[in-house]
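Okay, so here's the structure we're looking at.
Throughout, residue positions are numbered sequentially from 1 according to the sequence presented. Keep in mind that the numbers below use all heavy atoms, side chains included, and drop hydrogens, waters and symmetry copies.
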Amino acid sequence: MAVTLQDVEPDPYGYTVIAPGFGFLRDLFPDPYIANWSLDRTAAVSAEIPQVKIPFAPFAGSMGVLPGEPELETFLARETHLGEVGGIALAPEPTGALPAAICGPDGTDNDRCIRTIPPRENGGNMDVKQMQVGTTILFPCFIDGCGLFIGDVHYAQGDGEVSGTAIEMGATVTVTTAIREGLGAQVKAPQFEGGDQLKALAPEKFYATTGIPIKQAGEIPPYYTYLNSEVLEPLSNLSEDLTLAARNALIDLVDYLVENHGLTREQAYVVASVAADLRIGQLVDVPNYLVSAVLPLTIFEDSVNTQGRVEMAERLGP
């Protein structure tokens, strides 16, 4: 099934949160935080982060089709196995689950209702900002009628959605659908296509940090605690590790925002989540893969250059 996004009409309110225990830097940001956004079809502004204005770049964070019985069994089996060895895998949770008659506490299949947080072969919570208005997303169909669903609409998001949320909003989403006969033999998981839609996402002016997979000896990053690796802990350099490289690029970007744009660390983390893009530089220069964190500078009402900390101090005074 080909789903073409035709329009996203935003509600007037959106929010971005830091939730304890969630997000890419959850160990560094343990406290809750919320930014409330006023939205229109041009830009989002927030009283909590008054220095920035985020351009309208909407998409559906969650879009997919219903799995069939074989797919459901596969999803449950592999996520259960991961959870059993200590990995982060969210088991079915009946409390508040919908539809209640099937997935709720007294539901007929409440132990088989998979959580909607992770994406899977049927799509779901993919959070791909490039799935913009005008692009077409291709889904394999596992049941008669495919069972299309759309939700988790974002006003704007940085690649990575690092705090755990983008600018979340209610919205009216308009799509068209078509069946492409026989393509299911090729499309085993979501794919997407488009024209020049991604040009609008490119920043006019930017600042970027980079990261490689290094850490302090004795440190175990939170993403690896479930591995119980005696080899990993004493190392100060990991091999071919994009996750650690992305972490380091993001931490440096947060530091840049704090030092050069006068943001608190929580504000900086939110700005990175809604506006900064984590980009893979290379996957070949072993052992150090490289990730960049690219921040569009045009989001700032009063743009600050790389000498910003001096200029900021002059503006603020003693």
Side-chain angles (χ1 to χ4, degrees), residues 16-33 35 49 82-90 117-118 127 157-166 206-295 304 306-310 312-313:
T16 306
V17 298
I18 301 172
F22 192 59
F24 191 50
L25 299 182
R26 54 189 176 273
D27 57 319
L28 302 182
F29 290 88
D31 299 323
Y33 182 84
I49 316 177
L82 177 60
E84 288 172 348
V85 300
I88 298 178
L90 301 176
I117 285 181
D127 291 323
Q157 179 199 292
D159 272 334
E161 197 185 14
V162 292
S163 79
T165 53
F206 70 90
Y207 188 89
T209 57
T210 65
I212 58 175
I214 57 175
K215 66 179 186 67
Q216 294 294 320
E219 174 191 3
I220 300 179
Y223 329 109
Y224 304 106
T225 54
Y226 78 100
L227 296 177
N228 298 317
S229 172
E230 296 179 358
V231 174
L232 186 149
E233 184 172 358
L235 294 175
S236 59
N237 204 144
L238 301 190
S239 180
E240 304 177 272
D241 194 300
L242 278 173
T243 302
L244 189 55
R247 175 183 174 88
N248 289 331
L250 178 59
I251 290 173
D252 282 354
L253 184 66
V254 168
D255 290 342
Y256 162 80
L257 284 164
V258 170
E259 294 170 4
N260 293 276
H261 290 273
L263 303 183
T264 68
R265 293 188 63 79
E266 289 74 18
Q267 288 174 326
Y269 190 32
V270 165
V271 168
S273 192
V274 304
D277 292 334
L278 292 171
R279 302 282 183 87
I280 297 172
Q282 50 80 17
L283 293 169
V284 293
D285 296 336
V286 294
N288 291 340
Y289 291 171
L290 187 138
V291 173
S292 299
V294 182
L295 177 75
V304 181
T306 55
Q307 299 299 317
R309 73 185 71 184
V310 175
M312 182 69 72

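Residues Phe24 and Tyr223 place their aromatic rings such that the two centres sit under 6.0 Å apart.
Aromatic ring pairs are classed by plane angle as parallel below 30°, tilted from 30° to 60° and perpendicular above 60°; the pair His261 and Tyr256 is perpendicular.
Formation of a donor-acceptor pair under 3.5 Å by the Asp252 side chain with backbone atoms of Thr209 is not found in this model. Ser163 places a side-chain N or O within 3.5 Å of a backbone atom of Val17 that can act as its donor or acceptor partner. Thr165 places no side-chain N or O within 3.5 Å of a backbone atom of Thr16 that could act as its donor or acceptor partner. Judged by distance alone, the side chain of Glu161 and the main-chain N or O of Ala166 form a donor-acceptor pair under 3.5 Å. For Ser292 (side chain) and Thr210 (main-chain N/O), no donor-acceptor pair under 3.5 Å exists by modelled atom type. A donor-acceptor pair under 3.5 Å links the side-chain atoms of Gln282 to the main chain of Asp285, judged by distance alone. Listed for the Gln267 side chain is a donor-acceptor partner under 3.5 Å among the backbone atoms of Thr264. Proximity of a side-chain donor or acceptor of Asp277 to a complementary backbone N or O of Asp159 within less than 3.5 Å is detected. Lys215 places a side-chain N or O within 3.5 Å of a backbone atom of Leu235 that can act as its donor or acceptor partner. Looking at Asp127, its side chain never comes within 3.5 Å of a backbone N or O of Gly160 through a donor-acceptor pair.
Note that CG of Leu242 and CD1 of Ile212 are 12.5 Å apart. Values are rounded to the nearest 0.5 Å. If you take CG on Leu238 and OG1 on Thr243, they are separated by 10.0 Å, rounding to the nearest 0.5 Å. Put simply, CG on Leu257 and CG on Leu263 are 5.5 Å apart, with the number rounded to the nearest 0.5 Å. Atom CG of Leu253 is separated from atom CG of Leu295 by 5.5 Å, given to the nearest 0.5 angstrom.
What you find for Ala268 and Val258 is that their closest heavy atoms are CB-CG2, 4.1 Å. For the residue pair Leu25 and Tyr269, the shortest heavy atom distance occurs at N-OH, 2.9 Å. Residues Ile18 and Glu266 come closest through the heavy atom pair CD1-O, 3.8 Å. Heavy atoms only, all atoms of each residue included: Ala249 and Ala293 are closest at O-CB, 3.9 Å. For Tyr224 against Leu244, the heavy-atom pair with the smallest separation is OH-N, 4.0 Å.
At a threshold of 4.5 Å between non-hydrogen side-chain atoms, the residues Ser239 and Val286 do not count as touching. Within the 4.5 Å cutoff, side-chain heavy atoms of Tyr226 are placed close to those of Leu82. The shortest side-chain heavy-atom distance between Pro213 and Glu240 does not fall under the 4.5 Å cut-off. With a 4.5 Å cut-off on side-chain heavy atoms, Pro20 and Pro32 count as touching.
Comment: Asp241 does not engage Arg247 in a salt bridge, judged by the lack of any side-chain N to carboxylate O separation of less than 4.0 angstrom.
Under the ring-ring contact (aromatic ring centres under 6.0 Å, His included) criterion, Tyr289 pairs with no residue, sequence neighbours left out.
Residue Ile88 places its CD1 atom among 12 or fewer non-hydrogen atoms of other residues, nucleotides or ligands, all under 6.0 Å distant.
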Margin query: side-chain contact (heavy atoms from CB on, under 4.5 Å), that's the test. Do Ile220 and Leu232 meet it? Break it down for me.
Written below: CA-CA 7 Å; Ile220 300 179; Leu232 186 149; 4.2 Å; yes

